[in-house]
Amino acid sequence: MKIDVISIFPEYLSPLQLSLLGKAQSSGIVEITVHDLRKHTNDNHNTVDDTPYGGGAGMVMLPEVWGRALDPLMQPETDLIVLTPAGKRFNQKMAESYSKSSHLIFACGRYEGIDDRVRQHYSTNEYQSRDIRVHEVSIGDYVLGGGEVAAMVMIEAITRLIPGVLGNPESLTEESHNDEGYLEYPNFTKPQEWRGIPVPEILLSGNHREIAKWRRQQADKRAKDNL
């Protein structure tokens with residue numbers, strides 16, 4: 001999978017080089033390139049925003065700058081993800097869908113967001129005929145300073161589903177959010193007792209059928225508690 005991320009703070013994305021995702025890049029499973037939006041400006045101040053038409057607080061990111069950044073990255077079968085609090089809420093099913101994409105572009109907005117004509121332009125028939133899809137996505141019902149954190153959340157959730165990224169693929173078989181309403185059961189390791197709190201006896205019994213039943217009960221309880 002190829003991933004391009006566009007931001008005015010490219011250094012913000014440096015954690016993408018760490019841990020399992022860093023290893024996946026080294027092994028060629030995933031290719032991630034971070035682009036500096038300001039390199040596509042054409043004035044001495046590297047301006048990326050201006051005041052909104054119609055008035056209002058804040059600044060809006062310039063469509064011309066975004067167009068110059070996005071045009072050379074576009075290729076057939078691309079999913080352009082515009083990160084915005086107004087977008088569709090990201091979930092595990094979306095992560096699974098995006099993990100099958102060959103090319104993802106993350107547009108990290110700032111201020112009051114990106115001029116909507118960027119979304120409109122890349123949603124036209126010209127791009128759709130090349131199988132280029134535009135998605136507005138949010139990671140939750142709250143507002144962040146910019147799209148960089150949201151991009152990292154999505155990239156980690158998506159790429160770990162790609163074969164070869166996780167060291168142990170069995171880790172994916174029982175996870176929170178794999179099934180609607182399902183949350184993973186609590187896990188324990190050594191020592192058998194820590195600060196007066198023992199490991200549940202059922203986990204020491206060796207009775208795998210009863211352990212599976214207990215884990216399902218605990219997962220159901222967590223789901224109900226989180227309603």
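The structure displayed is predicted, hence computed values, not measured ones.
Taking the side chain as every heavy atom from C-beta outward, Pro200 and Phe188 approach each other to under 4.5 Å. A 4.5 Å side-chain heavy-atom check between Leu166 and Arg160 finds at least one atom pair inside the cut-off. Inter-residue side-chain proximity for Ile105 and Ile81 is flagged as unmet; no heavy-atom pair is nearer than 4.5 Å. The closest side-chain heavy-atom distance from Leu83 to Phe90 is not below 4.5 Å. Counting only heavy atoms from C-beta outward, the side chains of Val82 and Val134 approach each other to under 4.5 Å. Here the side chains of His103 and Asp79 are not in contact, with every heavy-atom distance at 4.5 Å or above. Using a 4.5 Å heavy-atom threshold, the side chains of Met152 and Pro15 count as touching. Contact of the Asp4 side chain with the His35 side chain is registered, since non-hydrogen atoms from C-beta on lie closer than 4.5 Å.
To the nearest 0.5 Å, atom OG of residue Ser123 and atom CZ of residue Arg133 are 12.0 Å apart. Atom CH2 of Trp66 sits about 12.5 Å away from atom CG of Asp71, to the nearest 0.5 Å. Taking CD1 of Ile6 as the reference point, atom CD1 of Ile8 lies at 12.5 Å (rounded to 0.5 Å). Rounded to the nearest 0.5 angstrom, Lys23 NZ and Gln17 CD are separated by 14.0 Å. Taking CH2 of Trp214 as the reference point, atom CD of Glu201 lies at 12.0 Å (rounded to 0.5 Å). Here the straight-line distance linking atom OG1 of Thr84 with atom CD1 of Ile139 works out to 12.0 Å at 0.5 Å rounding.
A side-chain donor-acceptor contact under 3.5 Å links Arg38 to the backbone of Asn46. Not a single donor-acceptor pair under 3.5 Å links the side chain of Thr78 to the backbone N or O of Asp131. Panel note: side chain Thr41, backbone Leu37; no donor-acceptor pair is recorded below 3.5 Å. Looking at Ser97, its side chain never comes within 3.5 Å of a backbone N or O of Met94 through a donor-acceptor pair. When atom types are taken as modelled, the side chain of Gln25 and the backbone of Leu16 share a donor-acceptor pair closer than 3.5 angstrom. For the pair Arg89 (side chain) and Asp141 (backbone), a donor-acceptor distance under 3.5 Å is absent.
Tracing side-chain contacts under 4.5 Å through hydrophobic residues (I, L, V, M, F, W, Y), one never reaches Tyr185 starting from Ile211; they form parts of separate clusters. Both Leu204 and Ile202 are part of a single hydrophobic cluster, where members link through side-chain heavy atoms under 4.5 Å apart. Both Tyr142 and Met154 belong to a common hydrophobic cluster when Ile, Leu, Val, Met, Phe, Trp and Tyr are linked at side-chain heavy-atom distances under 4.5 angstrom. Clustering ILVMFWY residues whenever any of their side-chain heavy atoms sit less than 4.5 angstrom apart, transitively, puts Val48 in the very cluster that holds Phe9. Leu80 and Val153 fall within a single hydrophobic cluster, where Ile, Leu, Val, Met, Phe, Trp and Tyr are joined by side-chain heavy atoms under 4.5 Å apart, directly or via other members.
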Would Tyr111 and Asp50 count as a side chain to side chain donor-acceptor pair (under 3.5 Å) if you check the C-alpha gap in whole Å, the side-chain angles of each, and the deciding distance to 0.1 Å?
CA-CA 10 Å; Tyr111 317 122; Asp50 208 333; over 6 Å; no
Show, in sequence, the C-alpha distance, side-chain angles and deciding distance for Asp43 and Thr47, and conclude whether the side chain to side chain donor-acceptor pair (under 3.5 Å) test is met.
CA-CA 7 Å; Asp43 67 315; Thr47 304; 2.6 Å; yes
Salt bridge (Lys or Arg N to Asp or Glu O under 4.0 Å), that's the test. Do Glu64 and Arg68 meet it? Break it down for me.
CA-CA 6 Å; Glu64 190 61 38; Arg68 287 195 291 266; 3.6 Å; yes
Evaluate salt bridge (Lys or Arg N to Asp or Glu O under 4.0 Å) for Lys221 paired with Asp225, printing each intermediate quantity in order.
CA-CA 6 Å; Lys221 182 177 182 300; Asp225 291 345; 3.0 Å; yes
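Between Val60 and Ile114, the shortest heavy-atom distance links the atoms CG1-C, 4.2 Å. The minimum heavy-atom distance linking Gln75 with Lys2 is given by the pair OE1-CD, 4.5 Å. The two residues Ile162 and Ser99 make their nearest non-hydrogen contact at CG1-O, 4.0 Å. The two residues Ala24 and Val165 come nearest to each other via the heavy atoms CB-CG2, 4.0 Å. Minimum interatomic distance between Ala157 and Ala95 (heavy atoms only, all atoms of both residues): O-CB, 4.0 Å. Closest heavy-atom contact between Glu184 and Arg222: O-NH1, 2.6 Å.
A donor-acceptor contact closer than 3.5 angstrom links the side chains of Ser7 and Glu148.
Using a 4.0 Å cut-off between charged nitrogen and carboxylate oxygen, Arg119 and Asp116 count as a salt-bridge pair.
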